[in-house]
Trainee: 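Could you have a look at this structure, given as structure tokens, before my questions?
Residue numbers begin at 1 in each chain, while the letters A, B, ... track the order of the sequences. Hydrogens, waters and symmetry mates play no part in the numbers below; they use all other heavy atoms, side chains included.
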Amino acid sequence: MAKLQPVRGTRDLIGEDSRTHLHIGDLARATAGGYGYTPIETPVFEFTEVFKRTLGDTSDIVTKEMYTFEDKGGDSLTLRPEGTAGIARAVLSGGLQNEMPLKWCYAGPMFRHERPQKGRLRQFHQIGVELIGVADPVGDIEVIALAAATLDALGVLPATILELNTLGDGESRATYRTALVGYLEGFRDRLSEDSQQRLDRNPLRILDSKDKGDQAIVADAPSFSDYLTPEAQAFFDSVRGGLDDLGIAYQLNPRLVRGLDYYCHTAFEFTTDQLGAQGTVLAGGRYDGLIEMMGGQPTPGVGWAAGIERLAMLTGPAPAGARAISVIGIGDAGEKAAAQVAQDLRQAGFTVELNYRGGLKRGLKRADKIGAAAAVFLGDDELARDGVTVRNLDDGSQSDVTLAGLKDHLAAYR
RNA sequence: GUGGCUGUAGCUCAGUUGGUUAGAGCGCCUGGUUGUGGUCCAGGAGGCCGGGGGUUCAAGUCCCCUCAGCCACCCCA
């Protein structure tokens, strides 16, 4: 263990950072609430099997990015790398299959053992929503509309574009995959080293390779849209029509893919060019195969997740809360009386900071530092006349106020 | 996991071809004001120069290793 450093890829959220994260979570929950989504909290760790089964043994997340450990009972546990698997598990272990549709939103930490860089940490935070039990495109449309509304509430929607694609159904994907691999095999030697591996493991990923040579080869590859079944095409058309009806702009991106098998039909991402290489702010899609893969009945689902750290880089710091009133006691009797005044003001709903010791000068310095709007002095002079002195910290003006009239006087500072 | 760049005070950074007690601004503390902040003035505290090893008469400065940060690849929110 290195000396008193945070673990690599983790960081403390203090002051403004913490406030901003909470603000983003609050706004997301409020927005989702307006769509009828209620909060869910699942554990931050699960049996490793939960993620292995759902993410697939060959995915990068499972093979190299999971924080996995053995607990004292000998079970293999894993810190969740994403939110959906745990929620699917909750559906099954809670016997909620008959409560469909389930509409949930969540916010919390996720863990992936990756090399940190801009917009990427080992412990990071996501907000997300899941709509489980709706097979119709109206579900996709609602979830995307909610995503846009959330980004709009945060004020970052104009900084993003919505990219949209379809992964089709299983049949569409299977025939396309065969055609794509057939085409790419002819160029195997000329593909980048990474893509040669992808060709065996995850050929669809080659479509969004950043390698220039790969891109040239991919340009002439078979197009997925030619392989969509009529049903899958109709589904996608419905989603697009619904977004058009709601006035939600999007850009088709045929190279937008998902690595995992249980994804199908709609895939979408809100991306930005303001965050360096990590441009994806919010990503989601339909995962009809997920719950079945975990051992449940076939159950449709669609949802998304967004990175709070990435959102925070776009929103900037959240607005500060109410300015405080500093209550400063002077002398033993004054400090005692000040404690009572502070208590009364707090119960009346004021934000109050009580000085602990050190006298008026120290109290005022502190008041200035925390940005208090006014200071209330309480010393022998004030006690003698059963009142307090109120100082306006913006203009320095002071007034004598009776104890009885203090709340009314301070109303101007709320 | 791979690559590039960077680690000097709480923060942001200077520090000459290797040369004597390592500096600045901001912040912090004290005093000027034994009942007045933010401005001003004076003073002060605070550094194993990320860590370890090496070269040298001499290392913050050069070399190696290691840790960390940043950025990119991979992958992803």
Trainee: Distance check, C1' atoms only: B/C28 and B/G47, in whole angstrom units.
Mentor: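 The same atom, C1', in both gives a distance of 16 Å.
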
Trainee: Within the structure shown, what part of the strands sits under 4.0 Å from A/G276 by heavy-atom distance: base, sugar-phosphate, or nothing?
Mentor: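 Contact class for A/G276: sugar-phosphate only.
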
Trainee: How long is the line joining CD of A/E114 and P of B/G1, in whole Å?
Mentor: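 Those two atoms, CD and P, are 12 Å apart.
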
Trainee: Can you tell me how the ring of A/H265 sits relative to the ring of A/F235, calling it parallel under 30°, perpendicular over 60° and tilted otherwise?
Mentor: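 A/H265 vs A/F235 ring planes: parallel.
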
Trainee: Rounded to whole angstrom units, what separation is found between the CD atom of A/E163 and the P atom of B/A77?
Mentor: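 From A/E163 CD to B/A77 P: 14 Å.
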
Trainee: Are side-chain heavy atoms of A/V376 and A/T389 found at a separation under 4.5 Å?
Mentor: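 Not touching, per the 4.5 Å side-chain cut-off.
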
Trainee: Donor-acceptor pair under 3.5 Å: do we get one between A/R115's side chain and the base of B/C74?
Mentor: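 Counting by modelled atom types and ignoring angles, no donor-acceptor contact under 3.5 Å is found here.
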
Trainee: Nearest whole Å is fine: how far is B/C70 P from A/E309 CD?
Mentor: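 Going from CD in A/E309 over to P in B/C70 covers 12 Å.
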
Trainee: Parallel, tilted or perpendicular, judged at 30° and 60°: which one describes the rings of A/F268 and A/F270?
Mentor: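 Plane angle over 60°, so perpendicular.
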
Trainee: Rounded to the nearest Å, what distance is computed from the CG atom of residue A/D211 to the P atom of nucleotide B/A72?
Mentor: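 Rounded to whole Å, this separation is 18 Å.
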
Trainee: Does A/R198 contact B/C74 through a side-chain donor or acceptor facing the base, at a distance under 3.5 Å?
Mentor: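 Side chain to base: no pair below 3.5 Å.
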
Trainee: Does the protein touch nucleotides 30-41 of chain B at the base, only the backbone, or not at all? Give it as B, S and - per nucleotide, heavy atoms under 4.0 Å.
Mentor: S--B-BBBB---

Trainee: Rounded to the Å, how far apart are A/E193 CD and B/G1 P?
Mentor: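 For the pair A/E193 CD and B/G1 P, the rounded distance is 18 Å.
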
Trainee: Checking side chain to side chain contact (heavy atoms under 4.5 Å, CB included) between A/T20 and each of A/L22, A/D17, A/I24, which is the one that passes?
Mentor: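 Going through A/L22, A/D17, A/I24 one by one, the side chain to side chain contact (heavy atoms under 4.5 Å, CB included) with A/T20 is satisfied by A/I24 alone.
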
Trainee: Is there a side-chain polar atom (N or O) of A/R11 under 4.0 Å from OP1 or OP2 of B/G69?
Mentor: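 A/R11 to B/G69 OP1/OP2: no side-chain N or O under 4.0 Å.
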
Trainee: Let me know the distance between CZ of A/R258 and C1' of B/A77, rounded to the nearest Å.
Mentor: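 The distance from CZ of A/R258 to C1' of B/A77 comes to 10 Å, rounded to the nearest Å.
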
Trainee: Without decimals, in angstroms, what is the distance between A/R8 CZ and B/G69 C1'?
Mentor: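 Spelled out: CZ on A/R8 to C1' on B/G69 is 8 Å.
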
Trainee: Strictly below 4.0 Å: does A/K210 bring a side-chain N or O up to OP1 or OP2 of B/C73?
Mentor: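 Indeed, a polar side-chain atom of A/K210 lies that close.
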
Trainee: Could you write out RNA chain B as dot-bracket? Rules: Watson-Crick or G-U wobble, both distances under 3.5 Å, brackets [ ] for crossings, | for pairs with another strand, dot for unpaired.
Mentor: (((((((..((((.....[...)))).(((((.......))))).....(((((..]....))))))))))))....

Trainee: It should be established whether A/Q117 places a side-chain nitrogen or oxygen under 4.0 Å from OP1 or OP2 of nucleotide B/A72.
Mentor: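 Answer is yes, contact under 4.0 Å.
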
Trainee: Any non-hydrogen side-chain atom of A/I206 less than 4.5 Å from a side-chain atom of A/V218?
Mentor: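 Touching, per the 4.5 Å side-chain cut-off.
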
Trainee: Check whether any side-chain heavy atom of A/Y183 lies under 4.5 Å from a side-chain heavy atom of A/I217, and answer yes or no.
Mentor: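 Yes; the side chains approach each other to less than 4.5 Å.
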
Trainee: Check whether the side chains of A/E46 and A/T78 place a donor and an acceptor atom closer than 3.5 Å, and report yes or no.
Mentor: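 Their side chains do not contain a donor-acceptor pair, so the 3.5 Å distance test is not met.
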
Trainee: Is there a side-chain contact between A/T42 and A/R80 (heavy atoms, below 4.5 Å)?
Mentor: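 They are in side-chain contact.
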
